[in-house]
Amino acid sequence: MKINKNYANLEENYLFATIASKVKEHARANPNKKIIRLGIGDVTLPLAPVVVESLKNAALEMGHAETFRGYGEYQGYNFLRQAIVNYYEKKGVNLTTDEVFVSDGVKSDSANILDIFHKDNVVLIPNPTFPVYVDANVMDGRKIIYAHGTKDNNFLPMPDENVKVDIIYMCSPNNPTGAHYTKAQLKEWVNYAIKNQAVILFDGAYECFVTDPELPTSIFEIEGAQNCAIEFLSFSKMAGFTGTRCSFTVISKELKREETSLHHMWLRRQTTKYNGVSYIVQRGAQAALSDEGMAQIKESLAYYRQNIITISQTLDKLGVWYTGGKNAPYIWLECPGGMGSWEFFDYLLEEAGVVGTPGEGFGSEGKGYFRLSAFGNKEDTIFAMEKFTEAVEKLKK
Ligand code: PLP
């Protein structure tokens, strides 16, 4: 018997555990101090009423013999896949329902997709990054090359013709930086992937935060992407489904490597290892995509966006460099006073009672940077930014 030794190469991710223990310790030492968490990547607003209604109705259906459902369709119910196709149509992207695979999360799909690729492939991952991409590839023992996000490239690394890779992870709008690629930039990545026969794994978990009509919300808005990209989208941030669980993966039937359809391989993988999202949840997701659902969801997104405005206006006033924000729920700022990420974390907690996320938890390029999130409560965010201002101004003195 042999275990997968690659697991020994995983770096322990102490980020959120360390944050939690530092905050707990601080709260214990300062029992009367208000502590505001602007570090969270989870949503806080409840599900839209039309979604809840649909979940309830679907649950009732499951209680009657005539409407009860057992195992569902492998790729998800057609009613949801059709709603997703319609959603894409509004972006100007034409899909067919059989190019959509409904699933329970982008986290799982963006890692599980690796099943269809050889372990000898070289993978390109941005630094800083959502940690799942790294860990899933380390578990497989795949060689990782990092695409470095820095202040100079606005945390939007571009392809390098001298670096040959097979699999490319991209996330736009990005977690943790909130940075967003333009169509022209994505076109360069698509050109690179086609030229090198690479496959782009495009994580669009935050596409719903894009307000600028010039910015792409899907890799499939870029010509040629159907021949080189797989896209993952989630209801998590769009519709508050982080605890309800529903997402989907889009693979064009045209996408082939070594004369083999990747669409077919993923279908084979999913039908073997996965039995789908519950009927009830798929009905909830369908309701989220209805006109009424989208109108209700937009209210939640506008609420979070207001927090982003509060945070970015504060940073603008203070003259702190940052990226992200406008079309994303995250702001990625340079720690004031040349502080390190953890140093600033400690300082901000101590001085302002504000909790953010140290950038270096997302990769070495995050050193000296800090992530603030828009997913908090409005009044708390305003209060937190007042305290933040006082703390940063004190540093300047
Ligand atoms: N992708 C990115 C970039 C994320 O930041 C997150 C969650 O924070 C996810 C995927 C997880 O998505 P899901 O809830 O659909 O698994």
Side-chain angles (χ1 to χ4, degrees), residues 13 15-16 19 37-45 47 51 76 80 84 87 100-114 125-137 147 149 155-157 168-181 200-210 217-219 229-250 270 274 276-278 281-282 284-285 288-289 297 300-301 304 308 323-325 327-332 356-357 359 361-363 366 371-376:
N13 196 335
L15 179 66
F16 290 102
I19 291 174
R37 288 173 173 76
L38 292 187
I40 43 164
D42 198 355
V43 292
T44 50
L45 293 175
L47 295 173
V51 170
L80 178 55
I84 291 165
Y87 182 69
V100 177
F101 296 78
V102 174
S103 182
D104 64 356
V106 169
K107 184 176 190 171
S108 33
D109 275 15
S110 63
N112 291 336
I113 195 76
L114 295 169
I125 300 180
N127 175 3
T129 185
F130 180 50
V132 173
Y133 314 149
V134 176
D135 289 353
N137 279 284
F155 288 90
L156 292 168
I168 301 163
Y169 275 91
M170 297 184 77
C171 177
S172 178
N174 189 273
N175 179 17
T177 66
H180 196 303
Y181 284 112
I200 295 173
L201 302 177
F202 189 84
D203 184 341
Y206 297 98
E207 56 85 47
C208 54
F209 285 92
V210 174
T217 57
S218 164
I219 186 91
I230 294 174
E231 177 157 295
F232 309 94
L233 242 68
S234 179
F235 290 88
S236 282
K237 309 296 156 89
M238 180 211 282
F241 271 51
T242 50
T244 307
R245 313 302 306 148
C246 195
S247 73
F248 56 92
T249 291
V250 179
Q270 289 297 77
Y274 186 60
V277 178
S278 82
V281 168
Q282 291 193 53
L289 292 180
I297 284 166
S300 301
L301 294 177
Y304 295 136
I308 275 294
T323 185
N327 296 282
Y330 299 119
I331 281 193
W332 181 253
T357 314
F362 301 99
R371 189 189 78 174
L372 292 176
S373 143
F375 290 122

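Computed from heavy atoms alone, side chains included, the values below leave out hydrogens, waters and symmetry copies. Counting convention: from 1, in listed order, for ligands and their atoms alike. Everything numeric here is computed off the predicted structure, so don't read it as measured data.
In this structure, F362 and W332 have perpendicular ring planes: the angle between them is above 60°, well past the 30° mark.
In this view, T323 satisfies the side-chain hydrogen bond (donor to acceptor under 3.5 Å, both in side chains) rule with no residue, not counting sequence neighbours. Every residue two or more places apart in sequence or in another chain that forms a ring pair (Phe, Tyr, Trp, His ring centres under 6.0 Å) with Y206 is listed here: Y330. By the salt bridge (charged side-chain N to carboxylate O under 4.0 Å, His left out) test, E231 pairs with no residue at all, sequence neighbours left out.
Under 3.5 Å, the side chains of Y274 and N112 contain no donor-acceptor pair of N or O atoms. In summary, the side chains of S103 and D109 do present a donor paired with an acceptor at a separation below 3.5 Å, with no hydrogens or angles considered.
Around ligand 1 you find G105, V106, K107, F130, Y133, C171, N175, D203, A205, Y206, S234, S236, K237, R245, each with a heavy-atom distance below 4.0 Å.
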